[in-house]
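Positions are given from 1, in the same order as the sequence printed here. Since this is a predicted model, take the numbers as computed values, not measurements. Counting starts at 1 for both ligands and their atoms, in listed order.
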Amino acid sequence: MTTQSKSSLLADHVDMRPVAVDTDETAPDRNTMVRLNPDHPGFRDRAYRDRRNRIAQIALGYRTGETIPDAPYTPLEHHVWRTIWKALVPAQQAHACADYLKAVERLELDSDRIPQLREVSEKVRVISGFRLEPVAGLVEPRVFLESLANGVFLCTQYIRHHSTPLYTPEPDVVHEIVGHGVTLACGHLAELNRLFGKAVQRTSSAEALDRLSRVYWFTIEFGVLREAGKLKAYGTGLLSSAGELEAMHKAELRELDLEAVSGHEYDPTHYQPVLFCAPSFEGMFQTLREFLVRW
Ligand SMILES: [Fe+2]
């Protein structure tokens, strides 16, 4: 049996680099589910890899509707959260759109320790009806996007390795909570996520799914807009990274033409050289809403 067929290589909504979750029950060590690439910052850290496996097991054992079990974060990992938070607060104050800043206040996230998905999911559910569910690693775009139609956001639960607090090669709990969790606590953005899910349910061809995924990428993940003449972020990939928030000002800005967006290729491994800018939050919402309803 080849390595490829022994595991399900999961591709993500953020980052297409593979993280393997080995579900082969005959594998010699069934605790080794998460396989990291040799260039992953945590590759040589046995304790980190063990924890990643334990967290993956939580997700693999999770059934919809159950309370999400708490992840076993260490003091060092809570310190990573604090470090990120310290860099993010001023960056968000300067570069996040007003609707995001209101939503972040509404969620009252703890800046001292990594919030558990269980707590964030409950707060988001009360506000927009969306709930978070844990996944072991990266999921197929169709699975991820279709779940949005049912008000479910599939979340990773691990945090990046402590040696690189401001960098992660894969989406982690910081991106999920600070990016998606917060935006799902904003009514308009939650509605757009739901409409994406419904549009994907009506999509059968792989080519059309690719086009929709690109629209998701350049809006929900990397969307920017103008607010009182200033460039602001509403995309989760930007809002969850101080580096991305600074770098977005160097991107080439194009008008938010969703036909053009759907055909625009991207590379998830670098800062985005091209971003699509809406004239306002309301303009972004109406344009995207109409596009998704018509799809
Ligand atoms: Fe994301």
Side-chain angles (χ1 to χ4, degrees), residues 10-19 59 81 84 88 91-92 95-97 99-100 103-104 107 109 114-115 117 120-121 124 128 130-160 166-186 188-197 199-200 209-210 212-224 233-245 247-248 261 264 266-272 275-276 284 288 292:
L10 305 172
D12 166 59
H13 62 286
V14 172
D15 181 328
M16 299 302 286
R17 274 165 297 177
V19 168
W81 175 265
I84 295 167
L88 265 179
Q92 289 185 345
H95 310 296
C97 72
D99 285 74
Y100 177 87
V104 90
L107 273 193
L109 295 173
I114 309 164
L117 288 189
V120 182
S121 181
V124 171
S128 72
F130 254 90
R131 61 180 199 279
L132 313 180
E133 288 191 0
V135 284
L138 310 177
V139 295
E140 295 282 350
R142 176 176 290 279
V143 173
F144 166 74
L145 290 168
E146 275 193 347
S147 68
L148 299 173
N150 305 319
V152 174
F153 191 90
L154 300 176
C155 274
T156 56
Q157 203 171 3
Y158 57 82
I159 193 162
R160 64 199 64 182
L166 300 180
Y167 165 77
T168 174
E170 66 217 324
D172 67 348
V173 72
V174 177
H175 171 71
E176 311 290 32
I177 290 180
V178 176
H180 294 286
V182 174
T183 52
L184 292 171
C186 163
H188 277 4
L189 291 170
E191 184 181 344
L192 292 174
N193 272 273
R194 230 179 247 274
L195 290 173
F196 263 108
V200 170
L209 181 62
D210 281 350
L212 255 188
S213 299
R214 288 195 278 266
V215 175
Y216 190 88
W217 175 268
F218 283 112
T219 57
I220 301 295
E221 295 280 359
F222 282 91
V224 290
Y234 69 93
T236 59
L238 300 169
L239 292 162
S240 58
S241 159
E244 293 275 8
L245 283 171
M248 77 183 189
V261 171
H264 194 83
Y266 62 85
D267 175 355
T269 62
H270 296 107
Y271 288 142
Q272 300 304 301
L275 293 173
F276 293 87
M284 174 280 293
L288 199 46
L292 293 169

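- The aromatic rings of Tyr216 and Phe196 lie perpendicular to each other, with more than 60° between the two planes, well past the 30° mark.
- Judged by a 6.0 Å distance limit and a 45° cone about the ring axis, Arg194 is positioned over the six-membered ring of Phe130.
- When the Fe ion (ligand 1) is compared with the N/O/S atoms of His175, atom NE2 turns out nearest.
- A donor-acceptor distance shorter than 3.5 angstrom exists from the side chain of Asp172 to the backbone of Arg160, with no hydrogens or angles considered.
- Per residue Glu221, closest N, O or S atom to the Fe ion (ligand 1): atom name OE2.
- Counting backbone and side-chain atoms alike, Glu176 contributes no N/O/S atom closer than 2.8 Å to the Fe ion (ligand 1).
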(request) Walk me through it: do Phe276 and Thr219 pass the test side chain to side chain contact (heavy atoms under 4.5 Å, CB included)? (result) CA-CA 8 Å; Phe276 293 87; Thr219 57; over 6 Å; no
